[in-house]
Amino acid sequence: MKIIVKLFPEITIKSKPVRKRFIQRLQSNLQVTLKRLDNDIKVRGLWDKVEVEVPSDNAELREKVIDLMSCTPGISHFLEVDQYPLGSFDEVFQLIKETYGEKVKGKTFVVRVKRAGKHEFKSVDLERYIGGGLLQHCDTKGVDLHAPEYTVKLEIRDENLYLVSHQHKGQGGYPLGTQEDVLSLISGGFDSVVSSYMTMRRGSKTHFLFFNLGGRAHEIGVKQISVYLWQKYGSAARVKFISVPFDEVVGEILQNVHHTHMGVVLKRMMMRAAEKVADRMKLPAIVTGESIAQVSSQTLVNLQVIDSVTSKLVVRPLITMDKQDIIDITKQLGAYDFAKNIPEYCGVISDRPTTNAKLERIEEEEVNFDFDVLDQALENAQVITIDKIVDDINVHAEIEALTKVSDNQVIIDVRHSNEQERKPLNMPKVEVLTIPFFHLGTKFQELDQSKEYLLYCDKGVMSQMHAQSLQEKGFLNVKVYRPEL
């Protein structure tokens, strides 16, 4: 099987040295990824295209090759072609009639010939000859040059004739590695998934930075979707996954920052941390999935206050996109089922959050923040190449969730104290302890370990995460309480 790869149009208008570099990078990327399927696949870069030779006619291998190439950045579209020696006009027509005769029957059609090399005829001469033959012998509805129902495509390069049997759409964009590397803040939700994909598609090796707000369960979910994105759209380059434990940072904010400003302060802490990680990795830009006014912290005023803590370029590919459009893209990427199962973290809950933050007020709030906590979180960050975490993402078993409370079981309300006061959990016949999640790690070991504890929060996210974390520390008397609706 022979495949002709057509370049993303923006590549073809670059200067000669830039275009050459982009084609070489695309060739290299395809060589790396395709050889994982079959070591005998050959890739050759030319001035206006890339050619791929697949030695086997195996149908399963063909499907894998097509799927991989359709997800490779830098490709506008690619053509499956059959190669023949170039003969006379009549010999070419007989091949066309045999290959396309039934396909054009009863349809309007057009013949398109692309030609490279020196020949005694013009492309339009061959187009007219073949078109006339198909009109005479194949019972078509006629030629339509502008909106044909079928297009007969063939290419001629020197003394070789290529008939196009199938055309497949590519990702577009630039070949991975032709632009500078970036650091993408990924939470696993729809927005961060799409923004990460968009920088990969644009040619940037995209490293993943995850702020862990709740334990191993959340981290494993985000690792799963990060690995999927990398394997599907960026596996030609090795990238890193960085996990920063941020639960104590959140706890510090909840205890020392006014509730109306917690969201903005949290984002500023993330930007500070991201800048330091990017500096260590010598990366020029940070990528986020924010969109104007999608939530309170994403007004233009708040985003400006958030960005003021970093000198890095902050890239926001989704800044003017609608939420439904973002969700639709995750479906196209095959990432929807991943993203919809990454629950929204409910740890920082602002009551009447500000949409018009003033830098002076934010800086006053941050005076009370212990920045040693942020420094310690960065010291505890885990950095791993993404191909090394594949074996780690399937080990999580979900903590059992109960809807009824039995004897010797105690409920622990792990919500923030503001939420506990605003909406108390009233269960007269059940013992309920109120321990905000940011104190749970230290206070749980002081409890009577002969009892079984069921963790509770509104959305069931924090409770699941912290139950998992406690079990990993050896406390097996922990489950989750999820009341029936």
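Every heavy atom of this structure was used, including side-chain atoms; hydrogens, water molecules and symmetry mates were not. One-based numbering along the sequence shown.
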Note to self: Exactly one of Glu219, Lys223, Gln382 should register a side-chain hydrogen bond (donor to acceptor under 3.5 Å, both in side chains) with Ser243. Which one does?
What the structure shows: Glu219
Next item on the list: Measure across Leu303 and Arg316 and return the closest heavy-atom pair with its distance rounded to 0.1 Å.
Entry: CD2-NH2, 3.7 Å
Note to self: Val257 and side-chain contact (heavy atoms from CB on, under 4.5 Å): which single residue from Glu366, Met262, Met269 fits?
What the structure shows: Met262
Notebook entry, point to check: In terms of ring plane angle, is the pair Phe8 and Tyr174 parallel, tilted or perpendicular, where the classes change at 30° and 60°?
Noted result: perpendicular
Next item on the list: Give the intermediate values and the outcome of side-chain contact (heavy atoms from CB on, under 4.5 Å) for residues Leu61 and Val54.
Entry: CA-CA 9 Å; Leu61 176 61; Val54 183; 3.8 Å; yes
Margin query: Can you tell me how the ring of Phe208 sits relative to the ring of Phe241, calling it parallel under 30°, perpendicular over 60° and tilted otherwise?
Written below: tilted
Check: Between Thr385 and Val239, is any pair of side-chain heavy atoms under 4.5 Å apart?
Finding: no
Check: Would you call Glu155 and Arg157 a salt bridge, taking side-chain N to carboxylate O under 4.0 Å as the test?
Finding: no
Checklist line | Partner set under ring-ring contact (aromatic ring centres under 6.0 Å, His included) for His168, not counting sequence neighbours | finding: Phe78
Check: For the side-chain contact (heavy atoms from CB on, under 4.5 Å) test, which of Val265, Leu374, Leu213 pairs with Val249?
Finding: Leu374
Next item on the list: Under the side-chain hydrogen bond (donor to acceptor under 3.5 Å, both in side chains) rule, collect the residues that match up with Ser235, sequence neighbours excluded.
Entry: Arg36
Checklist line | Charged tip of Lys331 within 45° of Tyr336 ring normal and under 6.0 Å | finding: yes
Note to self: Testing the 3.5 Å rule here: is there a donor-acceptor pair between the side chains of Tyr197 and Gln171?
What the structure shows: yes
Checklist line | Side-chain donor-acceptor pair present, Gln294, Glu290, cut-off under 3.5 Å | finding: no
Item checked: Set of ring-ring contact (aromatic ring centres under 6.0 Å, His included) partners for Phe338, sequence neighbours left out -> Tyr228
